[in-house]
Amino acid sequence: MDSNSECKDKKKSITQSMLLCCKLYISESRNREALEPIERAAKLDPETVIINKFQDRDYNRVNYTLVSYVIHDSTGCPIYSPLHQTVVAMVTAAYDAINLEQHSGAHPRLGVVDDILIHPLARASLDEASWLAKKVAADIGNRFQVPVYLYAAAHPMGKALDTIRRELGYYRPNFRGIQWAGWAQPEQVPVKPDEGPEVVSRARGVVMIGAHKWVAMYNIPIMSTDLSAARRIAQRVSARGGGLPTVQTLGLFHGEDSTEIACILLEPNQIGADRVQNHVETLASQENLDVEKGYFTDLSPEMIIERYMKLISSSS
């Protein structure tokens with residue numbers, strides 16, 4: 001076997017085993033012209049694959065799921081992933097195309113690029129996911145002068161995302177009690193960011209960047225416009241409200257005739273969607289409310305890996 005074949009085989013082994021997944025949440029879904037340059041940026045490097053796109057017009061929010069490999073040096077330290085520059089290119093396009101002051105939606109957000117979450121897949125570790133999160137955070141903070149907050153494994157103390165969001169006023173709607181519009185926070189952030197300045201650009205806001213083992217997002221429609229009831233149910237389902245451990249929830253207005261319980265399942269293999277669904281249905285029945293079957297906003301890790309393998313195989 002010649003050296004070129006050996007290199008190709010080694011790279012193929014890497015691209016199929018040491019994988020990182022990035023969930024990139026952007027505050028826009030209604031303006032197709034704004035999303036097009038972001039999606040073009042995602043396709044600049046063929047070694048980064050867009051696995052999934054989930055958008056919600058009522059929330060005015062889109063989530064891109066991207067996957068690529070990570071390479072290490074001779075000591076085993078991560079040194080390169082195509083995801084790094086792809087994510088930065090998408091962030092660049094998002095800041096060029098979207099103005100937070102002109103954005104509104106029924107889902108909380110604090111930035112044009114609201115959240116970047118890195119997961120390890122296959123044989124990759126949380127340390128590698130944390131390495132990439134910190135690399136991306138430094139680039140965004142320095143290049144765009146945007147306050148960046150690290151969370152979970154990317155944070156030196158493992159600070160939780162919901163803790164940082166509460167400190168920054170993320171959960172408080174500022175329009176009609178049900179919407180988030182423009183930038184309504186002080187321009188001087190109340191908590192020192194991990195990267196970037198302490199003064200906010202009202203057009204860009206701030207960004208959260210974290211690393212975490214797999215987290216599932218599961219939303220359950222409630223067939224009622226009674227937001228107070230949805231919020232009561234959400235509170236009672238959540239770990240914070242004495243409900244299910246490792247489950248975080250929000251009761252949100254969703255469309256003209258429904259609300260929704262938006263759930264973050266931090267340990268989906270322990271407390272899964274079925275258990276959350278059943279608990280919401282029980283609590284909703286006490287409020288005489290009808291509940292529809294919930295839905296995930298992303299694929300499972302297994303499905304993501306399978307789709308990634310198919311896509312890279314077809315392009316090689």
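Note that the numbering runs from 1 along the sequence shown for the chain. Predicted, not measured: the structure shown is a model, and the values here were computed from it.
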Could you pull out the closest heavy-atom pair between [X] and [Y], with the gap in Å?
| X | Y | answer |
| --- | --- | --- |
| L150 | D194 | N-OD2, 2.8 Å |
| A229 | L289 | CB-CD1, 3.8 Å |
| P268 | W214 | CD-O, 3.6 Å |
| R202 | N99 | O-OD1, 4.5 Å |
| C22 | V87 | SG-CG2, 3.8 Å |
| A211 | A154 | N-CB, 3.9 Å |

Is any side-chain heavy atom of [X] closer than 4.5 Å to a side-chain heavy atom of [Y]?
| X | Y | answer |
| --- | --- | --- |
| P221 | E260 | yes |
| P78 | L132 | no |
| N174 | W180 | yes |
| D226 | E287 | no |
| E267 | L244 | no |
| R307 | L299 | yes |
| P193 | V148 | no |
| L44 | M90 | no |

If only atom types and distance count, is the side chain of [X] paired as donor or acceptor with the main-chain N or O of [Y] below 3.5 Å?
| X | Y | answer |
| --- | --- | --- |
| D257 | T225 | no |
| S238 | G241 | yes |
| H103 | N60 | yes |
| Q277 | G294 | yes |
| S258 | H254 | yes |
| R204 | F144 | yes |
| Q145 | N142 | yes |
| S81 | Y69 | yes |
| W131 | I79 | no |
| T282 | N278 | yes |

Return yes if a side-chain donor-acceptor contact under 3.5 Å exists between [X] and [Y], otherwise no.
| X | Y | value |
| --- | --- | --- |
| D115 | Y151 | yes |
| Y149 | E195 | no |
| T75 | D73 | yes |
| S29 | R57 | no |
| T65 | D298 | yes |
| H84 | D139 | yes |

So, taking the atom named [atom1] in [X] and the one named [atom2] in [Y], what distance separates them when rounded to the nearest 0.5 Å?
| X | Y | atom1 | atom2 | value |
| --- | --- | --- | --- | --- |
| E306 | L311 | CD | CG | 10.5 Å |
| L66 | L83 | CG | CG | 6.5 Å |
| T249 | N219 | OG1 | CG | 11.0 Å |
| S27 | I98 | OG | CD1 | 7.5 Å |
| I312 | T48 | CD1 | OG1 | 11.5 Å |
| C263 | F296 | SG | CZ | 10.0 Å |

In this structure, are over 12 heavy atoms from other groups packed under 6.0 Å from [X] atom [atom1]?
| X | atom1 | result |
| --- | --- | --- |
| K192 | NZ | no |
| R232 | CZ | yes |
| E33 | CD | no |
| Y295 | OH | yes |
| R32 | CZ | yes |
| K213 | NZ | no |
| R240 | CZ | no |

Would a single hydrophobic cluster contain both [Y] and [X], if residues Ile, Leu, Val, Met, Phe, Trp and Tyr are joined by side-chain heavy-atom contacts under 4.5 Å?
| X | Y | result |
| --- | --- | --- |
| L121 | L126 | no |
| L252 | V247 | no |
| V189 | I164 | yes |
| I271 | I261 | yes |
| I38 | F54 | no |

- Message: Test side-chain hydrogen bond (donor to acceptor under 3.5 Å, both in side chains) on R236 and H279; report intermediate values, then the result.
- Response: CA-CA 9 Å; R236 293 175 66 188; H279 199 27; over 6 Å; no
- Message: Could you go through K135 and Q85, starting from their C-alpha distance and side-chain angles, then the distance that decides it, and tell me whether this counts as side chain to side chain contact (heavy atoms under 4.5 Å, CB included)?
- Response: CA-CA 10 Å; K135 292 278 286 184; Q85 291 307 320; over 6 Å; no
- Does the distance from a Lys or Arg side-chain N to an Asp or Glu carboxylate O, for K293 and D274, drop under 4.0 Å?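 Here K293 pairs with D274 in a salt bridge, since their nearest N and O are under 4.0 Å apart.
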- Should the pair D56-R30 be classified as a salt bridge under the 4.0 Å nitrogen-to-oxygen rule?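 Looking at D56 and R30, the cut-off is not met.
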- Query: Going through the checks in order, is the side chain to side chain contact (heavy atoms under 4.5 Å, CB included) test met by Y95 and I140?
  - Reply: CA-CA 11 Å; Y95 287 145; I140 292 175; 4.1 Å; yes
- Item | Residues Q55, E28; criterion side chain to side chain contact (heavy atoms under 4.5 Å, CB included); working and verdict | CA-CA 8 Å; Q55 56 186 1; E28 181 59 72; over 6 Å; no
- Message: Under the criterion side chain to side chain contact (heavy atoms under 4.5 Å, CB included), I'd like the reasoning laid out for C77 against H72: C-alpha separation, chi angles, the key distance, then a yes or no.
- Response: CA-CA 5 Å; C77 294; H72 303 75; 5.9 Å; no
- Task: Classify the ring geometry between H107 and Y59 as parallel (under 30°), tilted (30 to 60°) or perpendicular (over 60°).
- Result: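 H107 vs Y59 ring planes: perpendicular.
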